[in-house]
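Structure, as structure tokens:
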Amino acid sequence: MAKLGAEPGEALWMQLRDTGRYMLDNGLSWGNAGNISARVDADRYLITASGTDMGELSERDFALCSIGTGASVQPDGPKPSKETPMHQAVYELRPDINAVLHASPFYSTMAACGGDSIPADLFVEAMYYLEKVERVPYCHPGSRELGDAVKAKARAANVLLLENHGVLVCDANLREARMALHTLEMACRMLFAAKSAGTALRPLTPATVDSFLNESGYRPRRKWGQ
């Protein structure tokens, strides 16, 4: 686990703030839709507070929560996002994960509302970040049932399509999670634009994808939760 600091100091909340702004500026979030978090240590994580605007986050817009219970450890602090069960589930299950992003970007959410498979064999970033994508059946936002449904899938993939809801992306740090989310949205946009234009996309062969992941030296192949 990458060390993010014993206390949720300025550096961590500023990274979260910058991630929220990046998501808003690049069409990966809108208004107060979505929530983001980062692990502080083995027992705690910092998550956006309820009702916060992703593009206007300040230090007061984050709640410190327990990984064991999901509840705030600051009784007088901001109210955590209602989606804490999803974030807690990932951190509890995956000690390798230090960042979780939940959002409803247009094209990715369209894929989550439909039955399309996400192409992971079209371009380099898709092969790397989208090798594993899982679907999570619809459960009401913020419910314990949704947290349990996410937990059932989170060991197998870092990218989860929440059916009729949005997406959840997790990774070793905020930068990688942000890149995975952006790659997902780009791949989905490409998929639907090609369908609309009647353009047939040409995927790489399975052998080429396997060679890229194992032999290209682009980056070490990802290790999924066991």
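Owing to the predicted nature of the structure, the values given are computational and were not obtained by experimental measurement. When reading the values below, keep in mind they use all heavy atoms of this one structure, side chains included, and skip hydrogens, waters and symmetry mates.
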Quick check: is [Y] connected to [X] through a chain of hydrophobic side chains (ILVMFWY, heavy atoms under 4.5 Å apart)?
X	Y	result
L16	V73	yes
L122	M110	no
M14	Y22	yes
M179	F212	yes
L213	L204	yes

Salt bridge R222-D171, side-chain N to carboxylate O under 4.0 Å:
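Yes.
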
For [X] against [Y], the heavy-atom pair lying closest together:
X	Y	result
P141	L146	CA-CD2, 4.0 Å
Y107	F192	O-CE1, 3.5 Å
R39	A42	NH1-O, 4.0 Å
L57	W13	O-CZ3, 4.3 Å
R17	F62	N-CZ, 4.0 Å
E83	N35	CG-ND2, 3.3 Å

Going through the checks in order, is the side-chain contact (heavy atoms from CB on, under 4.5 Å) test met by Y218 and E125?
CA-CA 10 Å; Y218 174 71; E125 290 78 12; 4.1 Å; yes

So, do [X] and [Y] sit near enough that their side-chain heavy atoms are less than 4.5 Å apart?
X	Y	answer
D18	R21	no
D43	I67	no
K195	D116	yes
D210	R221	yes
L28	M54	no

Looking at [X], I want to see if its [atom1] is surrounded by more than 12 non-hydrogen atoms of other residues, nucleotides or ligands under 6.0 Å.
X	atom1	result
R202	CZ	no
M186	CE	no
R144	CZ	yes

Are any side-chain N or O atoms of [X] and backbone N or O atoms of [Y], one a donor and one an acceptor, separated by less than 3.5 Å?
X	Y	result
S108	P105	no
S66	A71	no
D61	T48	no
S29	A33	yes
R44	C65	no

Between [atom1] of [X] and [atom2] of [Y], what distance do you get to the nearest 0.5 Å?
X	Y	atom1	atom2	answer
L46	E59	CG	CD	9.0 Å
C170	L160	SG	CG	6.5 Å
T69	E92	OG1	CD	9.5 Å
K79	T84	NZ	OG1	10.0 Å
F123	L201	CZ	CG	10.0 Å
L24	T19	CG	OG1	12.5 Å

Given side-chain contact (heavy atoms from CB on, under 4.5 Å), test L101 with V167 step by step and report yes or no.
CA-CA 8 Å; L101 310 180; V167 301; over 6 Å; no

Please lay out, stage by stage, how L168 and V90 fare under the test side-chain contact (heavy atoms from CB on, under 4.5 Å).
CA-CA 10 Å; L168 188 80; V90 174; 4.0 Å; yes

Among E176, K132, E131, R94, whose side chain to side chain contact (heavy atoms under 4.5 Å, CB included) with N158 holds?
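Exactly one pass, corresponding to R94.
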
Working for side-chain contact (heavy atoms from CB on, under 4.5 Å), residues L162 and H102:
CA-CA 10 Å; L162 309 177; H102 167 49; 3.6 Å; yes

Check against side chain to side chain donor-acceptor pair (under 3.5 Å), E215 and S211:
CA-CA 5 Å; E215 302 166 7; S211 174; 3.1 Å; yes

Which of these passes salt bridge (charged side-chain N to carboxylate O under 4.0 Å, His left out) with E134: K153, K151, R155?
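That would be K153; it is the only one of K153, K151, R155 passing the salt bridge (charged side-chain N to carboxylate O under 4.0 Å, His left out) with E134.
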
Flag the pair H182 / Y129 as yes when their ring centroid distance falls below 6.0 Å, and as no otherwise.
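So the answer is no for these two rings.
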
Between Y91 and S37, is there a side-chain donor-acceptor contact under 3.5 Å, judged purely by atom types and distance?
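Judged by distance alone, the side chains do pair up.
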
